[in-house]
Amino acid sequence: MTTAAYAAIPRNTHWGVVSVVVGSGIVTAMQVGKAAIATPLLQTDLGLDLAAAGWLTGIFAVLGLVGGIPAGTFVARVGDRRMLILGLGVIALGTVIGATALGVPVLLASRALEGFGFLLVTVAGPAILHRVVQPGQRDLAFALWSCFMPAGMALAMLAGPLFSDWRTLWWGNAGLAAAAIVAGLAIVPAAPARVSVSWRSAASDALQVLTSREPVLLAVCFGSYSLMFFALFSFLPVLLMEQMEIAHGTAGLLSSVATGANIIGNLAAGYLLARGTSRFALLSGAYLIMGLTGIGIFLQVFGGTPTLTLCILFSGVGGLIPATLISSAPLVAPSAALAPVVIGLVMQGSNLGQVIGPVTIGGAIASYGWKAAAGIILISGLIATIAVLVVSFSDELPP
């Protein structure tokens, strides 16, 4: 091991830094959840149908479709802390623009800007954790990080109905992003050394990752998970209001419970991975269960309470997936220096699923009803399971 590599190994885990990074992720994820809980209000105020509402959620991740690898490359070369702060700043700006939007086009543009900030934060966050957390505690740290999405979405769905209108909700989120910037500047340490950005070396890094089988397969797995997760939770408040004939506030509360179950799965994945549970077993089992429960949810063959129970199971078991995939990214990287680039590719797959899920499901529901979503969920689960079958993790025997 070189002297530089030895010096880069953290001697102590800075849990205060971990808390700020995870908190920044939660604030970022609230920007996803706020659109889901605000859908009924947006339908009333701006006349959106479910297909248009799907675009309001899906366009959030459009920049991530092409920006994941570049973001990972620049995180590695410019500095993870700098990219985290920049991402939070972009989110705050996009949220302010959205709060003042007078029509759908500007609101959609602001959501795309928020999505760019989301991309920067979600690539920089794991890179910071990889830097400040001791190797033996990284599974736990990445499990905590993986909670940011369900925690943020659950908080948004829980708090959303407390606001008088959707614009006030947007302003509140802008304030949270600003607070996260202050905390990040105060607590997150800068990377000890950075190298200047070279387009040639950045392109070489990207090409090396894109031509490696395991990183690409992980991106496919995360894309399938995101498609399934956001296909349901982008419209869950509306589904529950129709299925159970409940008020907007109650739907937000129940949606937050279902979304919050994902946190249990994330933490369970960290616990199980730390005790040697097979990544293959966790991923393949979770995908199959999500696919089967998704069928029961969208076919609407059960009443309101059983459907909510299936949503909780779908979310809880699904939580095993992101923690496992994110902690696996450094294991499949061609080299340790390319770990942020692999994380960027994996998040690019996640963003693809975030775009396809709400847009596809929203259009299918608008055209054919809720039952049309069941087949999409099942196919996504099967694709991911097949991808898992051919992934080889460096710390395990191939399945």
Side-chain angles (χ1 to χ4, degrees), residues 22-42 53-54 56-61 64 88 91 94-95 98 111 114-115 117-119 121-122 125 143-163 166 169-170 172-174 176-177 180 222 225-241 248-267 290 294 297 308 311-323 326 347 350-351 353-355 357-358 361-362:
V22 173
S24 297
I26 291 173
V27 170
T28 302
M30 290 182 71
Q31 315 316 310
V32 183
K34 73 184 183 187
I37 192 59
T39 294
L41 301 176
L42 290 165
L56 195 62
T57 301
I59 201 172
F60 185 91
L88 290 168
I91 287 173
T95 305
R111 291 290 290 166
E114 291 176 34
F118 177 90
L119 170 66
V121 172
T122 53
L144 291 172
W145 166 254
S146 300
C147 295
F148 84 88
M149 182 61 79
M153 292 188 66
L155 283 173
M157 291 182 179
L158 187 62
L162 302 178
F163 289 83
W166 66 270
L169 176 61
W170 259 240
N173 277 273
L176 288 175
F222 216 145
Y225 166 77
S226 292
L227 189 155
M228 299 168 75
F229 185 85
F230 287 97
L232 174 59
F233 286 96
S234 295
F235 302 103
L236 183 57
V238 179
L239 173 64
L240 293 178
M241 289 171 70
H248 183 219
T250 304
L253 175 61
L254 295 179
S255 296
S256 70
V257 171
T259 308
N262 197 259
I263 298 173
I264 298 174
N266 280 288
L267 296 177
M290 285 184 74
I297 293 167
L308 177 62
C311 291
I312 294 173
L313 179 61
F314 177 98
S315 177
V317 173
L320 296 170
I321 295 173
I326 293 173
M347 296 312 301
S350 174
N351 279 280
Q354 288 185 50
V355 172
I361 298 298

How many angstroms lie between [atom1] in [X] and [atom2] in [Y], if you round to the nearest 0.5 Å?
X      : Y      : atom1 : atom2 : answer
Phe229 : Phe222 : CZ    : CZ    : 10.5 Å
Phe118 : Ser350 : CZ    : OG    : 6.0 Å
Leu267 : Leu144 : CG    : CG    : 6.0 Å
Trp170 : Asn173 : CH2   : CG    : 8.0 Å
Thr28  : Leu88  : OG1   : CG    : 5.5 Å
Ile321 : Ile326 : CD1   : CD1   : 11.5 Å

Checklist entry - Any donor and acceptor pair, going by atom type alone, linking the side chain of Ser146 with main-chain N or O of Ala323 inside 3.5 Å? => result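 Between the backbone of Ala323 and the side chain of Ser146 there is a qualifying donor-acceptor contact (under 3.5 Å).
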
Next on the checklist: When you measure from the side chain of Arg111 to the backbone of Gln31, do you find a donor-acceptor pair of N or O atoms at a distance under 3.5 Å?
Outcome noted: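 A pair under 3.5 Å: yes.
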
Item to check | Any residue meeting side chain to side chain contact (heavy atoms under 4.5 Å, CB included) with Leu155, in chain and number order, not counting sequence neighbours | outcome: Ile26, Met30

On a heavy-atom basis, which atom in [X] and which in [Y] lie closest, and how many Å separate them?
X      : Y      : value
Thr122 : Leu119 : OG1-O, 3.1 Å
Gly260 : Ala154 : N-CB, 4.0 Å
Thr259 : Ser315 : O-OG, 3.4 Å
Ala180 : Ser24  : CB-OG, 4.1 Å
Leu169 : Ala38  : CD2-CB, 4.4 Å
Cys147 : Asn266 : SG-CB, 3.6 Å

Do [X] and [Y] touch side chain to side chain, with heavy atoms closer than 4.5 Å?
X      : Y      : result
Leu320 : Tyr225 : no
Leu232 : Cys311 : yes
Asn262 : Met153 : no

Checklist entry - What residue pairs, at least two apart or across chains, pass salt bridge (charged side-chain N to carboxylate O under 4.0 Å, His left out) with a residue in residues 28-42? => result Lys34-Glu114

Checklist entry - Would Phe148 and Trp145 count as a close aromatic pair, with their ring centres under 6.0 Å? => result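 Yes: the rings meet the under 6.0 Å criterion.
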
